[in-house]
Number of protein chains: 2
Amino acid sequence: MSDSQPELPDRAQLMLRSLIDRYVRDGQPVGSRTLARDLGLDLSPATIRNVMSDLEELGFISSPHTSAGRVPTVQGYRFFVDTLLKVQPLDSRSIEQIRLELSLDQSPKDLVESASGLLSGITQMTGVVTLPSHEHALFKRVEFLPLSENRVLAILVTGEDEVQNRMLRTEKLHSPAELQQASNYLNAMFAGKDLAEVRATLLHEMQETRSSMNSMMMTAMQMADQVLELNKDEDFVMAGQTNLMEFQELCDFDKLRKLFDAFNQKRDILHLLDQCVHSDGIQIFIGEESGYKMLDECSMVTAPYSVNGEVMGVLGVIGPTRMAYERVIPIVDATARLLGAALNHKE
Amino acid sequence: MSDSQPELPDRAQLMLRSLIDRYVRDGQPVGSRTLARDLGLDLSPATIRNVMSDLEELGFISSPHTSAGRVPTVQGYRFFVDTLLKVQPLDSRSIEQIRLELSLDQSPKDLVESASGLLSGITQMTGVVTLPSHEHALFKRVEFLPLSENRVLAILVTGEDEVQNRMLRTEKLHSPAELQQASNYLNAMFAGKDLAEVRATLLHEMQETRSSMNSMMMTAMQMADQVLELNKDEDFVMAGQTNLMEFQELCDFDKLRKLFDAFNQKRDILHLLDQCVHSDGIQIFIGEESGYKMLDECSMVTAPYSVNGEVMGVLGVIGPTRMAYERVIPIVDATARLLGAALNHKE
DNA sequence: TTTAGCACTCCGGGAGGAAGAGTGCCAGCC
DNA sequence: GGCTGGCACTCTTCCTCCCGGAGTGCTAAA
C-alpha cells in the first residue's frame with residue numbers, strides 16, 4: 001500500500017490539493033467544472049473528470065451520490081497532510097498575540113487555560129491542553145502537618161515552588177516532632193532529585209533495606225510513597241467546545257451529544273492525548289483514525305509541549321475533518337512552543 | 001393583578017393543572033378532547049373549550065396557532081407552581097440512593113460533584129451545585145513555609161481539616177523562625193474562630209493598634225490578611241449539560257449554543273445562583289423570569305444547602321420550562337438536605 | 001490525450017392536495 | 001344559566017408529483 005502509488009502524477013496531486021482547498025472552504029462537494037476553474041490550468045471539465053475518476057479509484061476522494069461532485073476521504077486528507085502540505089510558519093502578528101497572552105504573569109494552571117483559550121479563539125474550533133506533568137519535576141521539599149486523629153497533611157514542593165498537598169492516613173498517631181524528623185530526613189535525602197527517580201529509589205530502598213531501617217525512617221518512607229503515589233493523575237483543559245456547533249457536518253444532535261459527552265467524560269480524550277505525548281512533533285488524527293466513534297467526523301491536531309527538552313504535556317485542536325490543516329498546524333505548533341517557553345520562565 | 005383573580009374557579013384550576021400535567025408529559029399542545037378525557041369529569045370537549053378560552057384570557061395558557069390546542073404560559077406555570085402544586089415528599093428509595101451516594105467518604109469537592117451528578121442523573125436534566133462557601137468556616141491553624149526568594153506558602157487549615165494554600169509575596173525575606181513565630185501567634189489568637197470574624201478582627205487590629213505592634217505581629221497580620229483576602233471566589237460544578245439536547249424545545253443550535261456558552265462562562269449562572277442563596281427554601285425561575293435571554297426556554301429550581309444552620313451554597317436543576325416541577329422540587333429539596341448532612345459529617 | 005456532446009442520475013425545492021386536529025360559535029336542551 | 005352536539009373554518013403536516021440544476025460517465029471525434 002505504502003509504495004504502490006509512489007508516483008501519483010503531479011497533475012493529480014495538484015487536483016487533490018485544489019479540491020481539498022475548495023472543499024475546506026465551502027463544505028460542498030466539488031464538481032469538475034468548479035475544479036477546472038480553480039485549477040487555472042487550461043483543462044476542460046471532462047479532462048478533470050477523468051483524473052477525478054482515478055483519484056476516486058485510489059480512494060482519495062468519493063462522491064456522496066451519483067451527481068454530487070467529490071469530497072475528500074480520510075485517506076485523501078491523510079495523503080494531503082503527509083505529502084502535499086507545505087506548512088508555512090505562522091505570521092509574526094499571530095505569534096506575537098500568543099506570546100503576549102502567555103507572557104502575562106500566570107500560574108501554570110492559568111497558562112494552560114490561556115493556551116486552550118487561544119487555540120480555540122484563533123482556530124474557531126475546540127482547544128485542548130493537558131496540565132503539565134509533574135512526573136519529572138524536581139523534588140524540593142516535603143512537609144508534614146499533623147491534623148486531627150491519624151491524618152497528616154503532606155505538602156510537596158517541587159521545581160520552582162509548585163505546591164501540591166495530599167491528605168494521608170497513617171496507621172498510628174505521629175507527634176509533630178516525629179513528623180518533623182521524617183520530613184527532615186526525606187528532604188536531606190531527596191532534595192533536587194527528579195520525582196520519578198525519587199519514587200524509584202523509594203521503592204527500592206523499602207524492599208532492600210527494610211530490616212535495617214529504624215521506625216522513623218520507615219514511617220518517612222511510607223509517607224513519601226503515599227505522597228508520590230497519586231502523582232500521576234492527568235487532566236486537561238478545554239475551551240470553545242461550542243464552536244463545533246457552527247459546522248454543519250456536525251449538526252446532528254446525536255453525534256454532537258456523543259462528542260460533548262466524551263469531552264466531559266475526559267477518559268477517552270485523555271487516552272488519545274496520551275498517545276501524542278511521545279510522538280515528538282505534530283500528530284494528526286483524521287476522522288476514524290482516532291479509533292473513537294464519536295470522533296469519526298472530527299480531526300485532532302496535537303503537539304507536545306516541553307520545558308528544557310522534557311515533554312510536559314500535549315495541546316491541540318479538535319475540529320471537523322474538513323479543517324484548514326495548513327492553517328491549524330502552525331497554530332498548534334507555535335502555541336506548543338510558546339507555552340513551553342512561558343512555563344520555562346516560571347520554572 | 002395579584003388579587004384580581006383570587007377566585008379562579010376550582011374547575012378551571014383543575015383544568016390548568018391537568019393541562020400542564022399533560023403538556024409536561026407529551027410536549028404537545030393539548031386540545032379540548034384530550035383534556036376532557038384526562039380530566040375524568042363528565043364534560044364534553046365543548047365545555048372544556050369554554051373554560052380554556054377563559055384561561056387563555058387570563059394569560060395562563062395560549063395556543064401556538066389557531067388549530068393547535070393550548071400550551072401553558074410562564075404565568076400559567078407560575079400559578080401552577082405557587083398555588084396548585086402540592087409537593088409530595090420524595091419516595092424513600094430515591095432518598096436512600098442519594099444518601100448512599102453522598103455517604104461515601106469524600107472530600108467536600110467530591111461531594112459537590114456527586115450531588116450535581118445525582119441531580120442530573122435522577123432528573124435527566126442539568127445539575128448544578130455551588131462549592132461550599134468558606135466564609136464561615138472555622139479557622140483552625142495556619143502555617144507558613146518559606147519558598148525561594150521572597151515567596152511564602154501559606155497553608156490555611158479550616159473546619160475539619162479542609163486545606164487551602166496561597167502563595168504570598170512578602171516585601172522582605174523572612175527566616176523560618178520568624179515565620180514560625182508568626183504562625184504561632186496567629187494560631188494562638190484565632191484558633192476556633194469564624195473566618196469572617198477573623199478577617200474583621202484582623203482589619204480592626206491593623207488599624208487600631210498599628211503603632212503598638214512589634215514588627216513580627218505586623219508581619220503576621222499582613223500575611224494573614226493576604227491569606228484571607230482571596231477567600232471569596234465562588235464557583236460551581238455542573239453535570240449533565242448534554243441532557244438538555246434531548247428536549248425538542250431546546251433543539252435549536254443557536255439557542256443551545258448560547259446556553260452552553262453561558263454554562264461555560266459561569267458568570268451569569270453564578271449570578272443567578274447567588275440570588276438564591278438567601279431565599280431560604282426552594283426558589284424557582286420559570287422561563288424569562290431569570291432575566292437572561294439564554295434561559296428563556298428554561299427553568300431553574302434551586303435550594304440552598306446548609307451545615308449547622310449556616311447556608312453554605314446553592315444547588316439546583318436547569319431544564320426546559322416544560323419540566324415536571326412536582327417531581328423536580330422534592331429531588332432538589334432532598335438533595336440539598338442530604339448534601340448539607342453529608343458535609344456536616346465531614347465538619 | 002484532450003475535448004465536446006449527450007444521456008442519465010440524483011437531490012432539492014415548490015405546488016398541490018388530502019387528512020387530521022382543534023377551534024369558535026350557534027342553537028337547542030336540561 | 002350552564003352544558004352539549006353540530007358545523008364551518010383554520011392551520012399544520014405529510015405525501016406526492018414534478019421540474020430544474022448540478023454533476024457524472026461514456027463515446028466519438030479532434
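Predicted, not measured: the structure shown is a model, and the values here were computed from it. Order of the sequence lines sets the chain letters (A, B, ...), proteins ahead of strands, with each chain counted from 1.
B/Met15 places its CE atom 11 Å from the P atom of D/dC3, with the value rounded to the nearest Å. With rounding to whole Å, B/Asp10 atom CG is found 15 Å from D/dG2 atom P. When rounded to the nearest whole Å, the span between CZ of B/Arg37 and P of C/dA21 equals 10 Å. Rounded to a whole Å, the CD1 atom of B/Ile48 is 16 Å from the P atom of D/dG2. In this structure, the CG atom of A/Leu43 is 6 Å from the P atom of C/dT3, given to the nearest Å. A straight line from CG of B/Leu39 to P of D/dC3 spans 12 Å, rounded to a whole angstrom. One can place CG of B/Asp42 at 16 Å from P of C/dC30, the figure rounded to the nearest angstrom. Between the CG atom of B/Asp54 and the C1' atom of C/dT23 there is a distance of 15 Å, given to the nearest Å.
One finds no side-chain N or O of B/Ser44 lying less than 4.0 angstrom from the OP1 or OP2 phosphate oxygen of D/dC3.
By the 6.0 Å contact criterion, CZ on B/Arg33 is open, its count of non-hydrogen atoms from other residues, nucleotides or ligands being 12 or less.
Between A/Thr34 and A/Gln28 the shortest side-chain heavy-atom distance does not fall below 4.5 Å. Proximity of A/Gln124 to A/Phe247: side-chain heavy atoms (C-beta onward) are nowhere separated by under 4.5 Å.
Contact detail for B/Val317 and B/Val128: the closest heavy-atom pair is N-CG1, 4.4 Å.
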Output one letter per nucleotide in nucleotides 20-30 of chain D: B when a protein non-hydrogen atom lies under 4.0 Å from the base, S when only the sugar-phosphate is that close, - when neither is. --BBBBB----

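Ion pairing between a basic and an acidic side chain is recognised when a charged N comes within 4.0 Å of a carboxylate O; B/Arg25 and B/Asp21 show no such pairing.
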Apply side-chain hydrogen bond (donor to acceptor under 3.5 Å, both in side chains) to the pair B/Ser299 and B/Tyr325, showing each step before the final yes or no. CA-CA 9 Å; B/Ser299 288; B/Tyr325 294 93; 2.7 Å; yes

